[in-house]
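Counting starts at 1 for both ligands and their atoms, following the listed order.
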Amino acid sequence: MTIGEFDLIDRYFTRPARRVALGIGDDCALLAPAAGMQLAVSSDMLLEGRHFLSTVDPERLGHKALAVNLSDLAACGAQPLAFSLALALPQAEAGFIEGFARGLFAIADRHDCELAGGDTTRGPLAICITVFGEVPVGGALLRSGARAGDDLYVSGTVGDARLALEVFRGTTALPGEAFEEVRRAMETPEPRVALGVALRGVASSAIDVSDGLLGDLGHILRRSDVGATVEVDAVPRSAVMARQAPALQRVCTLAGGDDYELVFTASPSASAAVAAAAREAGIEVTCIGRIERERGLRLLDRDGRAVVGTFGSFDHFRAAP
Ligand code: ADP
Ligand code: MG
């Protein structure tokens, strides 16, 4: 069944405004951040064939489209407030849109993040979301705050999304249940919003891992003008990942991407506060190294030997088109 543009917006995307001053239906939405708060704004675009496979379940796609945006708010320690949705669809196919909206609103509601507006057009399938969050004035976590001597942490586990991608590419194989597990990590990542908020005033810098752990850590190092040593065997991984060949584990965990975990730094004097923040957010965090004055990135294995190899992050214009 196909439907018209305005029916589509009315039927699938319009709900009564709750937190925003004015929601869908006018030329602009109106947001009213609380006194003493700054708006944190971030956009992410998802294109078919580039960011997701055409076979993806629409409900999972709806989830992921918002999840990757919420992850940016998490990295800044911002509390989600609202989002806008720009959608290009090849056709207005009810089954697809229904599933997409279900996945989108399920994660939106869990984070109390309201759809406030957007744009809908015909075209190759593309989803662009802009999220708005709130953070106390001057309290946002930034990439630029890491200091020599800080501990380096990562939340959850990393690498599963890349492992799933390798299975899709046919470069490796997994038994059915293990594949379902890593596929879930790739298609329905959980943004670490509660952890980001709990790390306000505790972490000295943060970033979310979208393009690969070491590549994204590199952004912190450059913006903070510092270096780091990472103990690569300490990087947390799932049980499925731990069963893979060592070389594959290294690529997936260090350069995988699509993880949406938080990498952050904190002074050693804040280690108890980091542990408390992790407990409050209900997510494990692991110390994987240390920030140092000497620029650049040094990798050590569990025996303290230097690990060689390039584990660069994903770059849209350097990767094969
Ligand atoms: P305009 O022509 O002024 O750009 P539109 O006709 O594109 O407005 O959209 C009408 C209303 O529907 C606006 O409030 C807009 O924010 C909202 N809207 C359009 N597409 C979407 C969408 N995909 N999700 C949520 N709101 C949308
Ligand atoms: Mg408009």
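In this structure, Glu187 does not pair ionically with Lys64, as no charged nitrogen and carboxylate oxygen lie closer than 4.0 Å. Using a cutoff of 4.0 Å between basic side-chain nitrogens and carboxylate oxygens, Asp151 and Arg290 are scored as salt-bridged. Using a 4.0 Å cut-off between charged nitrogen and carboxylate oxygen, Asp57 and Arg183 do not count as a salt-bridge pair. Using a cutoff of 4.0 Å between basic side-chain nitrogens and carboxylate oxygens, Arg184 and Glu181 are not scored as salt-bridged.
Among Ile129, Ile24, Asp27, the residue whose heavy atom lies closest to atom 1 (P) of ligand 1 is Asp27. Nearest-residue assignment for atom 6 (O) of ligand 1 (options Phe13, Phe6, Phe83; heavy-atom criterion): Phe6.
Of all atoms in ligand 1, listed by their number and element, those nearer than 4.0 Å to a heavy atom of Gly117 are 16 (O), 24 (N), 25 (C), 26 (N), 27 (C). Close approach of ligand 1 to Leu115 is summarised as follows: ligand atoms under 4.0 Å from at least one heavy atom of the residue are 24 (N), 25 (C).
The N/O atoms of Gly118, backbone and side chain alike, include one that comes under 3.5 Å of an N/O atom in ligand 1. Taking any N or O of Leu87, backbone or side chain, none lies under 3.5 Å from an N or O belonging to ligand 1.
Think of Leu47 as one node in a network of Ile, Leu, Val, Met, Phe, Trp and Tyr side chains linked at under 4.5 Å; its network also takes in Met45.
Ring-plane geometry between Phe13 and Phe100 is classed as perpendicular, the angle between the planes exceeding 60 degrees on a 0 to 90 degree scale with a lower cut at 30.
Looking at Ile9 against ligand 1, only its side chain comes within 4.0 Å, counting heavy atoms. Heavy atoms of Asp26 found under 4.0 angstrom from ligand 1 belong exclusively to the backbone.
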